[in-house]
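Everything numeric in this text was worked out from a predicted model, so none of it was measured. Order of the sequence lines fixes the chain letters, A, B, ..., with proteins taken first and strands second; residue numbering starts at 1 for each chain.
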Amino acid sequence: MKSAVVLLPGLNRDRDMIAALTKISGQPPATVWQTDTEIPDVDLIAIPGGFSFGDYLRCGAIAARMPVMRAVAEKAARGVTVIGVCNGFQILVEAGLLPGALMRNASLKFVCRQVKLEIANANTMFTRGYQPGQVIRSPVAHHDGNYFADAKTLARLEGEGQVVFRYAEDTNPNGSINDIAGIVNDKGNVLGLMPHPENLIEAAHGGNDGRALFESALGIAA
Amino acid sequence: MKARITVTLKNGVLDPQGKAIEHALSGLGFDGVGQVRQGKVFDIELTGADKAKAEADLKAMCDKLLANTVIENYSVTLT
């Protein structure tokens with residue numbers, strides 16, 4: 001399965017994402033730069049974490065308006081799988097590919113720790129490798145992960161099963177509404193999440209709880 | 001022409017930074033401080049002279065980039 005990783009100035013988890021995709025898919029992902037207007041023919045596009053454009057204006061706001069994101073939007077509209085992690089999630093939200101907004105953590109503090117995630121919907125292309133209700137571990141590292149959506153949008157997300165990951169066991173690190181950690185778009189092919197599953201994919205990481213997400217998205221999961 | 005754009009959080013959107021500022025003001029001994037909401041100000045210089053076009057452009061700038069209308073309101077003043 002072929003994948004591509006979007007590169008933007010200020011991202012710092014791109015190497016982690018490239019390493020994870022290389023190990024799990026068996027081949028290194030293509031990389032696309034912010035000014036690229038075309039993305040190669042791939043099955044999965046990943047937008048890594050970091051601090052694109054120094055988080056100026058709003059997290060992900062400038063990145064979301066770069067040419068490469070128009071290309072990502074076109075691919076997503078054609079059904080290509082897209083994953084945005086951390087800053088990648090913020091970029092997808094700012095680009096309008098996912099609903100809602102990610103605001104400053106309620107504690108006003110940067111959080112860098114491990115949290116528990118409940119698989120709130122195991123019937124998605126990103127979570128089919130997990131059991132419904134399964135609780136996994138995942139690292140988080142962010143300052144602006146406090147998910148917000150208006151009441152109508154929230155009801156739709158909850159009603160349609162678009163809330164895919166939820167902070168579990170009182171580990172919500174940011175005040176996110178309904179403990180939301182990750183959501184998919186209405187078509188189900190675009191996922192955004194604040195935690196970093198790419199940092200928990202093999203024994204050397206202390207566990208592989210995040211591996212099934214990529215295996216699911218890449219169609220490798222059983 | 002010069003424009004000032006003010007971006008603030010919508011009512012009902014939690015503003016933890018405003019809350020922290022509110023507490024800090026109380027801590028400094030300022031009595032009678034009610035709710036504090038914080039936001040952003042953009043001062044923009046415009047080269048054209050067409051006021052109607054400027055207003056339309058500024059609105060588009062807010063909608064496309066300067067404000068996130070999911071959580072923020074904006075107001076534009078031309079001088």
Are more than 12 heavy atoms from other residues, nucleotides or ligands located less than 6.0 Å from atom [atom1] of [X]?
X: A/Phe110; atom1: CZ; answer: yes
X: A/Asn123; atom1: CG; answer: no
X: A/Arg156; atom1: CZ; answer: yes
X: B/Lys64; atom1: NZ; answer: no
X: A/Glu158; atom1: CD; answer: yes
X: B/Asn11; atom1: CG; answer: no

A/Arg58 vs B/Lys40 side-chain heavy atoms within contact, under 4.5 Å: yes
Note, B/Ile71 side chain near A/Met103 side chain (heavy atom, < 4.5 Å): yes
Of the non-hydrogen atoms in [X] and [Y], which two are nearest, and what is the gap between them?
X: A/Ala106; Y: B/Pro16; result: O-CB, 3.7 Å
X: A/Ala61; Y: B/Leu65; result: O-CD1, 4.1 Å
X: A/Leu57; Y: B/Leu66; result: CD1-O, 4.0 Å
X: A/Leu108; Y: B/Ala20; result: CD1-CB, 3.4 Å
X: B/Val70; Y: A/Phe148; result: O-CE2, 4.3 Å

Toward chain B, the part of A/Arg65 with a non-hydrogen atom under 4.5 Å: side chain
